[in-house]
Amino acid sequence: MKRLLIIILVCMLCMNVFSACVPSNPINSSTTEQSTTAPKGPDGPKEPTRKYLYGLGEPLISSNVNAFNTEKSIDLAGALGAKSFRMWFTASDVFSGFSYAKVTTDAMISSISKQTVTYFNEVFDRMKAVGIEEITGMAHILPVTESTKGSNQHYVPHFGTEEYQTFLNKTELMWKTLASTFTQITVWEVGNETNHSFMEYTDREMTYLERAKVTIDIMYYANKGIKAGNPNAITITPGFAPVTSYLLENGTKVTENNGIDSITYFMELIYENIASGKFPTGLESDTDPDNYFQGVAWHPYDLGKYPYANTNDPKEDKFDISLWVEANNRCYEVMKKNGDGDKEVWFTEFGLTSKKDSLLQTTADDMDHKIYFVDNKYYKTTDDYEELQGEFVRAYFDAMESDEMHYVHACHFFRLYGCTVDYSWNGFTVLYYGMFFEANERLGRGFYPRAKAYVIQDIYGGTGDLMQYATWEAATSINN
């Protein structure tokens, strides 16, 4: 009873304060026109195109999800009622011959094979056919230089070096190729979580300021390439993420749980350095943020900074949506303070997961459809927790729909599926973000919808069948 009362109060508050890997089977679909921009006003969008708020994010290429199928995933996105979508690109998805084991040449990133282009265009056409109108392309591809050769995909050369300038020049060329090739994409997110460990030096940890400086240059050169490739496309910042620690210039490691406020600080560094007149590196000074980005992206995960939906105990009534709203508003205030109050914000990732302590350990003879098998153990969620998480989802979207968060153009809710392979790199956090359980032959389970999938469908106005691929047979059938 106590939990129900608090949920009701939260909702009332919200109402007021508020690789070139190409699959062999082509996709046949018709093409529809795509919108590109939303109206703006002097203090922010007066009437944002709110339908794009209802979005999804899921890697559709090179997926680790068991029995994954691109076409069926798009069908489920349409059934949910998604109007916008974040599309991941990796180097191996698009550039033939690209390898992190060798230096990136201009030839590697100057063109994309006809077969790959045909495949992606069919994917985009199918998205539009199910009602997805705005596609945001996110490519976290860092050209390889001599010092980063043979390392993983997250490394960059040191800021200010000759090699760094070569890296920036290739960044511009790469984005020009992407934008000119995939013209159905009219919003480009030029990286992913560059304030986080998705960008590093090979020999030491980058400071937060160094991350900001490199991000500024990446944005400028990427935007330059995008505008050359498709003048009608919009460049948005990499999706900045809340971080639990970062390194200061004096060597101090800030380790307190910073949550969304770590994004606010990073954005302050971005604007301060653009205004300094020292950027972009290697070119004439440009202090106009418009020439770096036309929209801002961040990932408003709470990370436990405030009482929120990932509480270990679903019976704990600590959720306060106003704290989350205020934290995001502080990010937006940085934009307004720097003359960017008319720009919109993309939440290119946001979702809710389940921590290990909220799960029940079970046995092999349990055939409940909510089971995952990881670390040689069987775990499942509870009905109470599934229902509670759905209520939290509704409270978050009530907040985003409110006037207080008018600046949010799109929320790409993360993600369609839980994935046992992805569990290996980020544990239970990744496993339970999904709105659908991953297909499992032993259980006879296909892509089975969780409670929050039905909540999302209700919020998004979707009318499709969420159970259409819920059995193993349906999930793995060849015909769609």
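All figures in this text were calculated on a predicted structure; none of them were measured in a lab.
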With a 4.0 Å cut-off, would you call Arg86 and Glu349 a salt bridge?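 So Arg86 pairs with Glu349 through a salt bridge.
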
Do [X] and [Y] get their side chains close enough for a donor-acceptor pair, meaning under 3.5 Å?
X: Asp93; Y: Trp88; answer: no
X: Asp75; Y: Tyr469; answer: yes
X: Thr145; Y: Lys170; answer: no
X: Ser113; Y: Ser96; answer: no
X: Asn223; Y: Gln294; answer: yes
X: Glu386; Y: Thr381; answer: yes
X: Tyr155; Y: Ser147; answer: no

Rounded to the nearest 0.5 Å, how far does CG of Leu76 lie from CG of Asp465? 9.0 Å

Could you list the residues that satisfy salt bridge (charged side-chain N to carboxylate O under 4.0 Å, His left out) with Arg415, not counting sequence neighbours? Glu58, Asp422

Hey, could you give me each pair passing salt bridge (Lys or Arg N to Asp or Glu O under 4.0 Å) that has a residue in residues 366-378? Not counting sequence neighbours.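 Output for this query lists Asp366-Lys380, Asp368-Lys370, Asp368-Lys380, Lys370-Asp383.
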
Would Tyr379 and Phe428 count as a ring-ring contact (aromatic ring centres under 6.0 Å, His included) if you check the C-alpha gap in whole Å, the side-chain angles of each, and the deciding distance to 0.1 Å? CA-CA 10 Å; Tyr379 294 92; Phe428 285 91; 5.0 Å; yes

Do the side chain of Thr181 and the main chain of Leu178 share a donor and acceptor less than 3.5 angstrom apart? no

Check whether any side-chain N or O of Tyr208 sits under 3.5 Å from a backbone N or O of Ser262 as a donor-acceptor pair, and report yes or no.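 Judged by distance alone, yes, a pair lies under 3.5 Å.
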
Looking at Tyr372, I'd like to know if the NZ or CZ of Arg445 sits under 6.0 Å from its six-membered ring centre while staying within 45 degrees of the ring's axis. yes

In terms of ring plane angle, is the pair Phe124 and Phe89 parallel, tilted or perpendicular, where the classes change at 30° and 60°?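 Ring orientation of Phe124 relative to Phe89: perpendicular.
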
Which one of Lys51, Lys83, Lys128 satisfies the salt bridge (Lys or Arg N to Asp or Glu O under 4.0 Å) criterion with Glu133? Lys51

